[in-house]
Every structure is written in C-alpha cells, then in structure tokens.
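Step one of this worksheet: look at the structure below.
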Amino acid sequence: MPTSSDPQGWNHRLQEVELSVQHASQAAARSETAVAPDAERGEVACRLALRHAGTRDVRIAWELNGVADAPLLIVAGGISANRHALASAAFPEAGWWEDQRGLGIDPSRFRLLSINWIGADGDIDAPIDSADQADAVAAVLDALQLPQALAWIGSSYGAMSGLQFAARHPERLRALVVISGAHRAHPFASAWRALQRRIAALGIESGDENAGLSLARQLAILSYRTPEEFAARFAEAPTVTDDVVRVAAEDYLDACGARFIGRMPPVAYRRLSESIDLHRVDPAQVKAPTTVVAIAEDRLVPLPDMLDLSSKLPHSELHVLRSHYGHDAFLKETTAIARVLRAAIEATP
C-alpha cells in the first residue's frame, strides 16, 4: 500500500540532484591518488550457451586491478568500454573510467574486475545478448576462483548486463549499481541504433567501411548528448565554402567518428548494438539491493524507463540527476556520480 513517505508505493528513495562539474578539484584529487598497487590480465577459454546463437567456444579477456585481498567490484561500461577501467603500474595507459579513480571506485580499497565484452573483437558474427555477457563474467569469476562480488557497478550496456547478472547469478552479488541502463531497450533508441547499423552496412557495401562506421558513430554521439549542450557549444552560424554549407558541430562529429575507427570492427559494432536491442530482463528477478541512477535529460534511456525499472525492483534506491551531457553523464559528471557510487558501496553489508 502507498504510504505518506512513499506515495506511489515504490520501494526506493527518490533524490534529485542538480549536477555541477568541478574539473579543478577532480584533477587535484586524481593527481594525489597513486596508480593501483597491483593489476593483472588474462583470458578465460570456455564454452558458453549463448541465448540466440547456441553453444560457442569463446575467449574472455579480463583485468583485475587493485588490492588482491580487497572486496571485489565488477566494473562495466558501454559497448565500447573494455577491461581496462583504470591505469595501474603494470598497465599505465589511461582507462576508460579514469576520472573515477579514488572517487567512486578506489583501487587502493577494492579489487576491480572488468572484461572485454564477448564479440567486441569481431569473432562472433551472430546475435549476442546481455545475458551472454553476464554469463561470461560468471565464467571469469569461476576461473579466477572468486565466489562473490561486493557490487556490480554498471553504466549503459554495463548496467543492462549487471541486471542480467543479478537475475541469473544472484548468489554471486551482494549489491548492484545501474547507471543509465534499464530492463529493456526503448523503441525510439532501438530505431536510432537500427539506422546506425544500416549506415555501417552501407559503408561496407559501398567499399568504404571506415566512412560508414564513422558516420554511424557520429549519429550515435547525437543520441548520447543533448540539444542543450549543442546549443551552448555550437551556436556559431553555418559557413559557406565553395558552395558547401557546413554547420558548427560538424568538426566535432567528424573528430568523434575518426577516433572510433579502428577501435571496434564493424561486425562487432553491429552485434553489440543489436545486443542492446535484444536486452530484456524481469526486474522482479533481481534480488540484490540496487541503486538506480537516472539522468533526467537522457534521450537514449529515458527517465520514465528508469522510473519503471526502479518501481519493479524488489529493493531499489533511485537517484535522478540533471546533466546537459545526457546519456554520457556517467563519464562527464564525475563528482555527482562518485557521490552516488560511494554511498552505494558503503551501504552494502
């Protein structure tokens, strides 16, 4: 029954936080934090029963980062993220979530596990599902003899896979944090991705797969960000050169596309993109206490979907954050995301 403190009968607490970026203080905090004291990498070869593609032999690349005997955190990002979340003495190149070092995820206090998504190297040209990724992480835990994780911290696709992991392997997880990833794909977002895949396919058919992949990525960038950000950054009038009109955002989009070429084979882009649209999980099956982080301006994973997820989870706490970075807020709004991550980890018994 609804109560005065929970008027809609939801088993969560709604917090609205106005985000502010504090780049100077973040940089200072990172500069005072040493690289992880220990890190190692490896691969697990195993057979997985993929939901849509049958049993396959796969190799799962993993990285462990942090204190060897510390509580384990599974850290997972979007489809272009990989096993290298944070730099270490062994692997000093910057990780994809380097801004969270010592803030939301601290390798001096925890052991971090991340994987390369199966299919990310283009070796599986068949439908992949977020449930397959969850089973891949379970296989790595088995191989490393790690029975349980303190928490899964997932953003975007990593949040979707975390929901699957909690539903499929409940005994292996004490808590879950999902940022901008719901229990299903929104139809509008799926249509967006379908067009990206068609653009990439057209590039291959025309003999210029790099151009197709670049344009697909540029269209994706528009779904990750917001009109408000583009209005602030690219307000300059269009230019006309040799009878060609060019708008202010095109240089930025071209650069985003160029950086993406070579990071992911076209077949991997297609299959991982499809796997987002195939994603479905019953929130009622997620028994672990779950912190749900929604971005009010996210057009890729709309706020109503995150509210629906939180309302259907047996044990959830919902945080609604504001950011003109939209879906990319988990990468850009370092301080606010770190605050939520710390609170969720510290609340885990």
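Values below: all heavy atoms of this structure, side chains included; hydrogens, waters and symmetry mates excluded. When a residue number appears, it is its place in the shown sequence, counting from 1.
Checked options Thr334, Leu331, Leu112; the residue passing with Trp97 is Leu331 (criterion: side chain to side chain contact (heavy atoms under 4.5 Å, CB included)). When each of Arg270, Arg271, Arg197 is tested with Asp277 by the rule salt bridge (charged side-chain N to carboxylate O under 4.0 Å, His left out), just one qualifies, namely Arg197. Checking Ile79, Leu272, Ile60 one by one against Gln133, the side chain to side chain contact (heavy atoms under 4.5 Å, CB included) holds for a single residue, Leu272. Screening Met306, His327, His186 for a side chain to side chain contact (heavy atoms under 4.5 Å, CB included) with Asp298, the sole residue that qualifies is His327.
Of all non-hydrogen atoms in Ile204 and Pro266, the two that sit nearest each other are CD1-CB, 3.8 Å. Closest approach of Arg263 and Arg259 over heavy atoms only: CD-O, 3.2 Å. What you find for Ala87 and Asn65 is that their closest heavy atoms are O-ND2, 3.8 Å. Smallest separation of non-hydrogen atoms from Gly181 and Ala159: CA-CB, 3.7 Å. Of all heavy-atom pairs spanning Ala39 and Ala90, the tightest one is O-CB, 4.0 Å. Minimum heavy-atom separation, Leu173 to Ala151: CD1-C, 3.7 Å.
In this structure, CH2 on Trp117 lies 4.0 Å from OG on Ser161, to the nearest 0.5 angstrom. The line from CZ of Arg217 to OH of Tyr269 is 7.0 Å long, rounded to the nearest 0.5 Å. Here the CG-CD1 distance, from Leu64 to Ile115, works out to 12.0 Å after rounding to the nearest 0.5 Å. For the atom pair CG of Leu103 and CZ of Arg339, the computed distance is 11.0 Å after rounding to the nearest 0.5 Å. To the nearest 0.5 Å, atom CG of residue Asp243 and atom OG1 of residue Thr241 are 9.5 Å apart. Note that CG of Leu176 and CG of Leu313 are 8.0 Å apart. Values are rounded to the nearest 0.5 Å.
Under a cut-off of 6.0 angstrom, the local environment of CZ in Arg198 is sparse, with at most 12 non-hydrogen atoms contributed by other residues, nucleotides or ligands. Within 6.0 Å of the CZ atom in Phe234, the count of heavy atoms belonging to other residues, nucleotides or ligands exceeds 12.
With a 4.5 Å cut-off on side-chain heavy atoms, His183 and Asp282 do not count as touching. Side-chain contact between Arg59 and Asp121 is absent, with no heavy-atom pair separated by less than 4.5 Å. Counting heavy atoms from C-beta outward, Val292 and Glu317 have side chains that stay 4.5 Å or more apart. With a 4.5 Å cut-off on side-chain heavy atoms, Val178 and Leu309 count as touching. Side-chain contact check for Leu150 versus Leu72: every heavy-atom pair is 4.5 Å or farther apart. Taking the side chain as every heavy atom from C-beta outward, Leu321 and Glu333 never approach each other to under 4.5 Å. Within the 4.5 Å cutoff, the side chain of Asp129 has no heavy atoms near those of the Met160 side chain. Ser180 has its side chain out of reach of Val293: every pair of non-hydrogen atoms, C-beta onward, lies at least 4.5 Å apart.
Residues Glu171 and Lys287 are not paired through a salt bridge, judged by the lack of any N-O separation under 4.0 Å between the basic side chain and the carboxylate. Arg246 has a carboxylate O that lies under 4.0 Å from a charged side-chain N of Asp251, or vice versa, which qualifies the two as a salt bridge. We find that Arg56 and Asp123 are not joined by a salt bridge, their nearest charged nitrogen and carboxylate oxygen being 4.0 Å or further apart.
Remark: side-chain polar atoms of Asp242 are not paired, donor with acceptor, to backbone N or O of Val244 under 3.5 angstrom. A distance-only check finds no donor-acceptor pair linking the side chain of Glu63 to the backbone of Ala85 [under 3.5 Å]. Within the 3.5 Å criterion, the main-chain N or O of Pro127 finds no donor-acceptor partner in the side chain of Arg51. Ser155 contributes no side-chain N or O that, together with a main-chain N or O of Gly158, makes up a donor-acceptor pair within less than 3.5 Å. No donor-acceptor pair closer than 3.5 Å links the side chain of Asp38 to the backbone N or O of Val67. At least one donor-acceptor pair closer than 3.5 Å links the side chain of Ser316 to the backbone N or O of Ser310. A distance-only check finds a donor-acceptor pair linking the side chain of Gln164 to the backbone of Arg280 [under 3.5 Å]. Judged by distance alone, with hydrogens and angles left aside, the side-chain atoms of Thr290 form a donor-acceptor pair with the main-chain N or O of Ala288 at under 3.5 Å.
Hydrophobic clustering keeps Leu278 apart from Leu50 (ILVMFWY residues linked when any side-chain heavy atoms are closer than 4.5 Å, directly or through intermediates). Cluster annotation: Met264 and Leu213 are assigned to the same hydrophobic cluster (Ile/Leu/Val/Met/Phe/Trp/Tyr, side-chain heavy-atom contacts under 4.5 Å, transitive).
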>> Between Ser80 and Trp96, is the side chain to side chain contact (heavy atoms under 4.5 Å, CB included) condition met? List the steps.
In response: CA-CA 9 Å; Ser80 59; Trp96 63 265; over 6 Å; no
> Run the side chain to side chain contact (heavy atoms under 4.5 Å, CB included) check on Gln218 and Ser214 step by step: do they pass?
Replying inline: CA-CA 6 Å; Gln218 292 177 50; Ser214 173; 3.0 Å; yes
> Yes or no on side chain to side chain contact (heavy atoms under 4.5 Å, CB included) for Leu141 and Leu113, after CA distance, side-chain angles and deciding distance?
Replying inline: CA-CA 9 Å; Leu141 292 177; Leu113 172 66; 3.6 Å; yes
> Are Asp135 and His169 close enough, and set up right, to give a side-chain hydrogen bond (donor to acceptor under 3.5 Å, both in side chains), and what steps lead you there?
Replying inline: CA-CA 8 Å; Asp135 291 347; His169 307 280; 2.8 Å; yes
> Does the salt bridge (charged side-chain N to carboxylate O under 4.0 Å, His left out) test come out yes or no for Lys332 and Asp99, once each step is laid out?
Replying inline: CA-CA 9 Å; Lys332 307 295 286 186; Asp99 284 351; over 6 Å; no
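Side chains of Asp132 and His52: a donor-acceptor N/O pair is absent below 3.5 angstrom, by distance only. In this model, no donor atom of one side chain and acceptor atom of the other lie less than 3.5 Å apart for Thr226 and Glu297.
Below 30°, between 30° and 60°, or above 60°: for Phe165 and Trp152 the angle between ring planes is between 30° and 60°, a tilted geometry.
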